[in-house]
Amino acid sequence: MDAIVLLGAPGAGKGTVAEDIRNAVHYLHISTGDILRNAIKEQNPLGMEAKRYMDRGELVPDDLIVNLVNDLINRGGENARYMFDGFPRTTAQAQKFDEVLASLGSKVKHVFLLEVAREILVRRICGRRICRGCGAVYNVHTKKPKVEGICDFCGSKDIYQRADDTEETLNNRLEVYNRQTAELIHYYEKKGVLVRVDAEDRLETEQAIVRYLNR
Ligand code: AMP
């Protein structure tokens with residue numbers, strides 16, 4: 001059981017980077033945000049509970065997330081390799097995560113902190129649009145579909161903005177990050193597993209992480 005973590009503010013590029021490098025580095029990409037959004041789509045009890053927090057840009061309760069990750073890890077088997085994106089988000093989650101991993105004889109191997117200036121985070125997040133058909137990610141400033149309103153990959157005309165990607169909710173998410181998640185930087189720094197990555201340029205970020213993992 002091997003675990004690495006991508007840490008960083010909303011918009012730092014955790015999800016994009018994870019999707020782009022997962023095959024090259026042989027890690028499964030686990031996004032707790034994606035798992036929760038799927039639960040909302042399915043309208044199952046987890047989704048109904050999580051939606052109340054997510055719509056406001058708040059974190060869902062630690063217990064809920066820890067149970068979710070616990071189940072996932074226990075189903076994965078001892079040779080599984082996980083790259084977590086959006087988890088852990090609080091020190092309580094990180095401590096529980098360490099306990100679960102320790103019980104399996106493992107620990108967090110590396111934590112890549114994706115560092116990006118605030119103006120760039122805002123531009124990336126508020127400009128982000130997603131295809132409902134295939135999940136492809138666009139940006140109104142930097143990456144429009146070739147034909148306006150139509151997905152390049154699956155042809156869907158349903159390209160939408162995530163409810164929590166508006167400027168108002170984003171301000172709250174950034175505040176939540178600074179208040180609850182940023183302390184994880186010190187947590188993992190003390191453990192000697194934090195790797196800082198300048199994440200302004202997507203390709204350079206990915207190359208830096210892949211290089212580090214293959215060193
Ligand atoms: P993300 O897609 O990672 O930006 O997550 C979207 C939203 O899902 C967050 O704003 C939280 O409401 C919720 N969420 C995702 N991961 C976690 C987590 N580890 N702990 C608490 N809430 C989470």
Side-chain angles (χ1 to χ4, degrees), residues 3-20 22 28-73 82-101 108 111-116 118 120-132 135-139 160-185 187-188 199:
I4 61 174
V5 170
L6 300 183
L7 183 63
K14 303 182 295 294
T16 308
V17 166
E19 271 306 294
D20 286 350
R22 69 193 167 97
L28 282 173
H29 171 203
I30 307 290
S31 155
T32 42
D34 282 349
I35 296 173
L36 296 173
R37 277 184 290 278
N38 274 334
I40 292 176
K41 208 152 62 178
E42 289 173 4
Q43 301 193 328
N44 65 28
L46 169 69
M48 310 296 251
E49 170 78 0
K51 188 173 184 332
R52 298 195 286 141
Y53 300 92
M54 289 171 77
D55 281 350
R56 297 198 305 265
E58 299 288 336
L59 296 184
V60 308
D62 286 335
D63 285 359
L64 211 141
I65 289 286
V66 168
N67 288 340
L68 188 155
V69 171
N70 212 345
D71 285 352
L72 196 140
I73 290 178
Y82 297 112
M83 172 165 47
F84 286 92
D85 141 24
F87 174 86
R89 278 264 222 313
T90 63
T91 303
Q93 289 180 17
Q95 285 166 340
K96 278 275 176 241
F97 190 36
D98 283 346
E99 283 170 31
V100 173
L101 292 176
V108 174
V111 175
F112 294 97
L113 173 64
L114 307 193
E115 297 185 298
V116 180
R118 186 185 167 108
I120 297 177
L121 298 176
V122 173
R123 203 173 140 86
R124 280 188 189 166
I125 290 276
C126 295
R128 176 159 68 181
R129 299 291 182 275
I130 300 169
C131 169
R132 218 182 288 276
V137 180
Y138 296 96
N139 189 290
Y160 74 105
Q161 182 177 35
R162 255 171 61 177
D164 59 350
D165 277 352
T166 57
E167 196 157 350
E168 194 192 0
T169 311
L170 175 62
N171 283 333
N172 194 30
R173 287 165 67 200
L174 289 173
E175 203 192 298
V176 165
Y177 175 78
N178 289 327
R179 195 166 12 99
Q180 295 180 270
T181 308
E183 61 193 40
L184 287 179
I185 298 170
Y187 182 88
Y188 286 121

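Remember, it's a predicted structure, so these values are computed and weren't measured experimentally. In each ligand, atom 1 is the first atom listed, and ligand 1 is the first ligand listed. Quick note: numbers below take in every heavy atom, side chains included, and nothing from hydrogens, waters or symmetry partners.
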- prompt: So which protein heavy atom does atom 20 (N) of ligand 1 come closest to, and at what separation?
  reply: Gln93 NE2, 2.9 Å
query: Cut-off 3.5 Å, side chains only: do Asp98 and Tyr187 have a donor facing an acceptor?
result: yes
task: Could you tell me which atoms of ligand 1, counted from 1 in the order shown, lie closer than 4.0 angstrom to a heavy atom of Gly33?
output: 2 (O), 5 (O), 15 (C), 16 (N)
- request: Indicate yes or no: does Arg173 engage Asp165 in a salt bridge with an N to O separation below 4.0 Å.
  value: yes
query: Honestly, is Arg132 close enough over Tyr160, meaning NZ or CZ under 6.0 Å from the six-membered ring centre and within 45° of the axis?
result: yes
query: Looking only at heavy atoms, which two atoms of Gly13 and Leu114 are closest? And how far apart?
result: C-CD1, 3.9 Å
message: When you compare ligand 1 with Thr32, is there at least one nitrogen or oxygen pair between them that comes in under 3.5 angstrom?
response: yes
Test of proximity, Asp85 against ligand 1: N or O pairs below 3.5 Å: no
query: Can Arg52 be said to touch ligand 1, with heavy atoms closer than 4.0 Å?
result: no
message: I need the nearest protein heavy-atom contact for atom 14 (N) of ligand 1: residue, atom name and distance, please.
response: Leu36 CD1, 3.6 Å
field: Distance from atom 8 (O) of ligand 1 to nearest protein heavy atom, with residue and atom
entry: Met54 CE, 3.4 Å
- prompt: Which heavy-atom pair separates Tyr82 from Leu72 by the least distance, and what is that distance?
  reply: OH-O, 3.5 Å
message: Looking only at side-chain N and O atoms, does Gln180 offer a donor or acceptor that is under 3.5 Å from a partner on Thr90?
response: no
- request: Would you name the heavy atoms of Glu49 and Pro61 that are closest together and state the gap between them?
  value: OE2-CG, 4.5 Å
query: Which of the atoms in ligand 1, numbered in the order shown and given with their element, are less than 4.0 Å from a heavy-atom of Arg173?
result: 4 (O)
- request: Calculate, to the nearest 0.5 Å, the distance between atoms CE and NZ belonging to Met83 and Lys14 respectively.
  value: 13.0 Å
field: Which atom of Pro88 lies closest to which atom of Ala94, heavy atoms considered
entry: CB-N, 3.7 Å
task: Kindly confirm or rule out an N or O of Val60 lying under 3.5 angstrom from an N or O of ligand 1.
output: yes
task: Of all the heavy-atom pairs spanning Met54 and Val60, show the shortest one and how long it is.
output: CG-CG1, 4.1 Å
message: Please report whether ligand 1 has a polar contact with Glu58, defined as an N or O pair separated by less than 3.5 Å (distance criterion only).
response: yes
field: Close approach of Lys14 to ligand 1, heavy atoms, under 4.0 angstrom
entry: no
statement: Near Ile65 (heavy-atom distance under 4.0 Å), the atoms of ligand 1 are 17 (C), 18 (C), 19 (N), 20 (N), 21 (C)
- prompt: Can you find an N/O atom of Gly86 closer than 3.5 Å to an N/O atom of ligand 1?
  reply: yes
- prompt: So, is Arg37 polar-close to ligand 1, with some N/O to N/O distance under 3.5 Å?
  reply: yes
statement: Here the atoms of ligand 1 under 4.0 Å from any heavy atom belonging to Arg162 are 1 (P), 2 (O), 4 (O), 6 (C)
message: Taking distance alone, with N or O pairs closer than 3.5 Å, would you say Arg89 contacts ligand 1?
response: yes
